[in-house]
Amino acid sequence: SGSPVMNDLSDRLLLSSAQPPEGQGSGSSLLAVRLDRLIAAGRPDKAAELARSAMADKSAPVAMARARAALALGQTQDACMALADIPAGNDPAHDAADAFSTRLSAYCQVVSGNKRAASLTLDLAREEGLDDPLFYSLAAQAIDGLKLKADEPAALTALDVALYRLAGRELPKNAGEIAEPAVLAGLARDEALAAETRIAAGERAAMFGLVEGGELASLYKLAQFTPEEMEGLKTATFPASPALRRALIYQALQAEVSPLARADLFRLMLATGESSGLYLATVEVLRAELAQMTPSAVLRGLAPAAVRAFLFAGEREHALAWYELVAQEGRTIGRDARELGALMRISDPTGPAGNPDQVAADITSDLKSGVKATRDFGVREALLLDALGYRLPQPVLEALAASRKGAAAGSSEAMLNQLRAAGQKGAVGETVMLSLVAIGPGGPGEADPQAAAQAVSSLKALHLDDEARRLAVEALMGRSHAEPG
């Protein structure tokens with residue numbers, strides 16, 4: 001996820017003993033679901049720890065998750081021990097569990113030195129219709145050095161990575177871009193890999209909160225550029241690789257001494273991160289250095305980007321220092337001043353500050369605007385302020401009702417009612433789980449405004465005020481067009 005608050009809420013849920021709300025369960029056990037989601041969130045260490053605490057559960061889904069976590073951590077023996085609880089099956093062509101069991105069996109047989117058994121496993125898999133040229137190619141190379149033809153993969157699992165290493169074959173150049181989250185941190189820290197691969201893995205790992213900004217900064221410094229390539233920034237000539245492009249900008253920022261030029265590079269990198277879907281990673285790698293910049297009139301052009309970045313990182317005091325530059329010159333910055341002011345209000349733990357009449361006028365004006373993006377921003381701000389307990393004036397309520405008339409339904413009413421009830425009865429695990437479902441994979445910024453507002457309201461009802469406010473900030477920022485960089 002590229003959302004700090006959603007990452008934190010996911011951790012809270014997956015590491016708790018919360019039971020799924022009625023209607024949200026599945027055929028798998030809750031333990032298996034939690035293990036799978038921890039792995040999907042890039043936390044195989046936590047999955048392995050949880051699995052060790054439940055060794056009595058020998059079910060196949062739990063055993064598969066136990067093996068996947070062990071593979072991601074490089075714990076081959078534990079992965080192979082889990083095979084004893086995974087039924088062999090005879091339909092790897094159509095059954096995912098059978099296919100996983102077949103691949104893992106061959107891997108473990110080669111690791112144990114039983115290459116004859118591994119060859120028999122491959123022959124049987126072919127007879128049973130398993131269509132996986134890459135698996136056969138890697139396994140054959142590991143068994144007897146043969147390199148059979150196979151297309152490059154579109155995705156890499158922990159087992160795929162283990163097979164590549166067992167075969168002694170280099171990982172694809174784009175491994176950092178296509179690997180599953182469980183192996184990203186390991187790839188980023190693998191000194192045998194190319195800098196470009198490690199950087200791409202590190203950026204994605206940062207999006208899941210798996211590496212700190214300082215570690216990603218160190219990865220950016222690994223890339224080597226010629227003086228001509230560094231000069232290319234002046235003519236907007238960048239490396240073809242997006243990861244190397246960001247590394248180049250970061251290194252140029254490190255080398256630059258002019259405050260104005262540095263401000264331009266901060267803006268460029270933040271904008272590049274936003275457009276690439278890597279805003280969280282970019283903020284993490286830049287925020288320590290951005291915090292060392294002193295807000296001043298000469299750096300006013302950086303203010304909107306700095307406010308957004310610090311609010312996204314949860315550092316309101318730094319955001320406020322930069323916002324003062326925007327507030328002083330609101331008319332010259334245009335719409336930025338209005339939207340950044342709204343974000344500062346939403347983020348204020350003491351409640352929305354400022355002239356209530358002006359706040360009401362700003363929101364009402366947005367709600368009556370003929371520009372859809374402006375109306376959407378006003379709707380979202382009004383709903384989120386209400387969710388945070390701010391009493392909206394009657395003119396705002398009337399304008400909100402008028403603007404929502406005829407609007408297509410977003411989240412289901414049943415889901416919102418269930419989320420509301422969970423908050424009212426103080427069910428923390430259920431509220432967090434339903435909030436994650438209601439917000440969806442796109443994060444707060446892409447969520448339906450009513451779903452985002454109800455999630456904020458329900459979290460606040462549980463006295464999770466910090467999480468509620470951070471979610472509100474991200475939800476409103478997702479509809480803000482104030483300059484990201």
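Here the structure is a predicted model, which means the values were calculated and not measured.
Neither side chain, Asn114 nor Ser112, offers a donor N or O lying under 3.5 Å from an acceptor on the other. Side-chain N/O atoms of Arg246 and Ser276 include a donor and acceptor closer than 3.5 Å. Using modelled atom types and a 3.5 Å distance limit, the side chains of Asp160 and Thr157 yield a donor-acceptor pair.
The backbone N or O of Met6 sits less than 3.5 Å from a side-chain atom of Ser10, completing a donor-acceptor pair. The backbone N or O of Tyr220 sits less than 3.5 Å from a side-chain atom of Gln251, completing a donor-acceptor pair. Listed for the Glu474 side chain is a donor-acceptor partner under 3.5 Å among the backbone atoms of Val5. Distance alone, capped at 3.5 Å, is enough to place a donor-acceptor pair between the Thr431 side chain and the Ala422 backbone. For Arg169 (side chain) and Tyr164 (main-chain N/O), no donor-acceptor pair under 3.5 Å exists by modelled atom type. A donor-acceptor contact shorter than 3.5 Å links the side chain of Lys115 to the backbone of Ile143. Proximity of a side-chain donor or acceptor of Asp95 to a complementary backbone N or O of Asp98 within less than 3.5 Å is detected. Panel note: side chain Glu128, backbone Ala93; no donor-acceptor pair is recorded below 3.5 Å. Put simply, the side chain of Arg204 gets close to the backbone of Ala179: a donor and an acceptor are under 3.5 Å apart. When atom types are taken as modelled, the side chain of Thr282 and the backbone of Leu278 share a donor-acceptor pair closer than 3.5 angstrom.
For the residue pair Arg469 and Ser347, the shortest heavy atom distance occurs at CD-O, 3.3 Å.
Under a 4.0 Å N-O distance rule, the pair Asp36/Arg68 qualifies as a salt bridge. A salt bridge links Asp132 with Arg103; the closest basic N to acidic carboxylate O contact falls under 4.0 Å. Ion pairing of Asp123 with Arg126 is present here, as a side-chain N (NZ or NE/NH1/NH2) and a carboxylate O approach within less than 4.0 Å. Taking a cutoff of 4.0 Å between a charged side-chain nitrogen and a carboxylate oxygen, Asp466 and Arg470 qualify as a salt bridge.
Of the options Glu381, Arg380, Glu339, a side chain to side chain donor-acceptor pair (under 3.5 Å) to Ser480 is made by Glu339 and by none of the others.
Between atom CG of residue Leu270 and atom CG of residue Leu290 there is a gap of 7.0 Å, rounded to the nearest 0.5 Å. One finds the CG atom of Leu83 at 11.0 Å from the CE atom of Met81 (value rounded to the nearest 0.5 Å).
Contacts of Glu215 classified as salt bridge (Lys or Arg N to Asp or Glu O under 4.0 Å), with partners at least two apart in sequence or in another chain: Arg189.
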